[in-house]
Amino acid sequence: ESLAGYDFSGARLEGADFRGADLTGALFDGADVTGADLRGAIWSDGQLTPEQLATCIRGALRGAPLPLGAAATPDALRIEFEALLDEFRDDSDGLAEKARELTRNSRYPLAELLWRHLEDLWVRERGADHIDTLRARNDLAWLIVAQGRAAEAEAAWRALLPDRERVQGASHPETLTTRFFIAQAQLSQGREAEAQAALRALLLDMERLHGTSDMINSLCVKVRAQL
């Protein structure tokens, strides 16, 4: 349904169903949109104020995708982030699962905010060397590279690697995978010679461990495919 350019100014739109509607250019000045369902709607940034958007997110839209255009808006992102923190206030594991779901749905900026929050939280509550904290750091680096920031991701994985070697051991599959991700980040930056050298060294270590775990066997196949 097209509602492009429609003037909803001052209207009472509590619980309104705008699913899939084209709202491009529609006016919402002073409108009450509490609990309005905007899933799949098309709109332009700035059409709804942060306060109006908050009522949608904290109502009908909690946990649902934002309308097209809203997800890239810093204010909207922050509001959805804060709504999720409120929803999972006493359940950090549930918040982590939500971050994974957002990652699967390519909601990378919001997932990145959640993993940054979880890393800080788990360092305080579980300790810097806890496996959950180390995995949060890895997931955060993956989200960073997925958004095109390969140099930043490489630095994050390089900082993670010695902690994994110390806590989990140099031969642990997750430690070896971190080395693989570093090489992938180097490739993304056009540093092919460095990446190839890192992959060859990694393959030598993994061939020595071949057969010790399915994860290592699978990683061996991925490394060989790039050499």
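These values consider heavy atoms only, across backbone and side chains, with no hydrogens, waters or symmetry-generated copies. FYI, the numbering just counts along the sequence from 1.
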TODO: Report yes or no: do Phe181 and Tyr108 belong to one cluster of Ile/Leu/Val/Met/Phe/Trp/Tyr joined by side chain heavy-atom distances under 4.5 Å?
DONE: yes
- [ ] Please examine the side chains of Leu118 and Asp132, heavy atoms only from C-beta on, and report whether any two atoms are closer than 4.5 Å.
- [x] no
- [ ] Can you see which heavy atom on Ala195 is nearest to which on Ala183, and at what distance?
- [x] CB-O, 3.5 Å
Task: Gap separating the CZ atom of Arg89 from the CG atom of Asp86, nearest 0.5 angstrom - done: 4.5 Å
Open item on the list: Check Glu101 with Arg104, please: is the shortest side-chain N to carboxylate O separation under 4.0 Å?
Closed with: no
Open item on the list: Using the salt bridge (Lys or Arg N to Asp or Glu O under 4.0 Å) criterion, which residues pair with Arg100? Sequence neighbours excluded.
Closed with: Glu97
TODO: Search all heavy atoms of Ala151 against all heavy atoms of Gln189 and return the closest pair with its distance.
DONE: CB-OE1, 3.4 Å
Task: Note: Glu112-Arg107 ion pair, threshold 4.0 Å (strictly below) - done: no
Task: Residues forming a side chain to side chain donor-acceptor pair (under 3.5 Å) with Gln184, sequence neighbours excluded - done: Gln226
Open item on the list: Applying the salt bridge (charged side-chain N to carboxylate O under 4.0 Å, His left out) criterion to Asp163, which one of Arg137, Arg158, Arg135 satisfies it?
Closed with: Arg137
TODO: Please round to the nearest 0.5 Å and tell me the distance separating atom CG of Leu160 and atom CD of Glu174.
DONE: 9.5 Å
Open item on the list: Once rounded to the nearest 0.5 Å, what's the spacing between atom CE of Met206 and atom NZ of Lys222?
Closed with: 10.5 Å
Task: Donor-acceptor contact below 3.5 Å, side chain Thr103 vs main chain Ala99 - done: yes
Open item on the list: Are Val123 and Ile131 connected into the same hydrophobic cluster when the rule is that any two of I, L, V, M, F, W, Y join if their side-chain heavy atoms are below 4.5 Å apart?
Closed with: no
TODO: Indicate yes or no: at least one non-hydrogen side-chain atom of Asp29 is less than 4.5 angstrom from one of Phe8.
DONE: no
Task: Closest non-hydrogen atom pair between Asp129 and Leu134, with its separation - done: O-CD1, 4.0 Å
- [ ] Please confirm whether the backbone N or O of Glu119 pairs with a side-chain atom of Thr133, one donor and one acceptor, at under 3.5 Å?
- [x] no
Task: Spatial distance of atom OG1 (Thr177) from atom CG (Leu161) [nearest 0.5 Å] - done: 11.0 Å
Task: Atom pair NE2 (His117) and OG (Ser92), whose distance is rounded to the nearest 0.5 Å - done: 8.0 Å
Task: Atom of Val145, atom of Ala150 and distance for their closest heavy-atom approach - done: CG2-CA, 3.9 Å
Open item on the list: Is there a side chain to side chain contact (heavy atoms under 4.5 Å, CB included) between Arg191 and Glu154? Walk through the geometry before answering.
Closed with: CA-CA 12 Å; Arg191 291 156 49 201; Glu154 181 188 355; 2.6 Å; yes
Open item on the list: Determine whether Glu192 and Leu187 satisfy the following criterion, side chain to side chain contact (heavy atoms under 4.5 Å, CB included), listing intermediate values before the conclusion.
Closed with: CA-CA 5 Å; Glu192 186 168 347; Leu187 284 172; 4.2 Å; yes
- [ ] Decide yes or no for Glu207 and Leu203: does some side-chain heavy atom of the first lie under 4.5 Å from some side-chain heavy atom of the second?
- [x] yes
TODO: Indicate yes or no: at least one non-hydrogen side-chain atom of Arg179 is less than 4.5 angstrom from one of Leu199.
DONE: no
Open item on the list: As an exercise, state the distance from CG of Leu102 to CG of Leu143, rounded to the nearest 0.5 Å.
Closed with: 9.5 Å
Open item on the list: For Trp142 versus Trp157, what's the shortest heavy-atom pair and its separation?
Closed with: N-CZ2, 3.6 Å
Task: Sole residue of Glu165, Arg166, Arg164 in side chain to side chain donor-acceptor pair (under 3.5 Å) with Gln168 - done: Arg164
- [ ] Side-chain contact test, heavy atoms from C-beta onward, threshold under 4.5 Å: evaluate it for Leu114 versus Phe81 and give yes or no.
- [x] yes
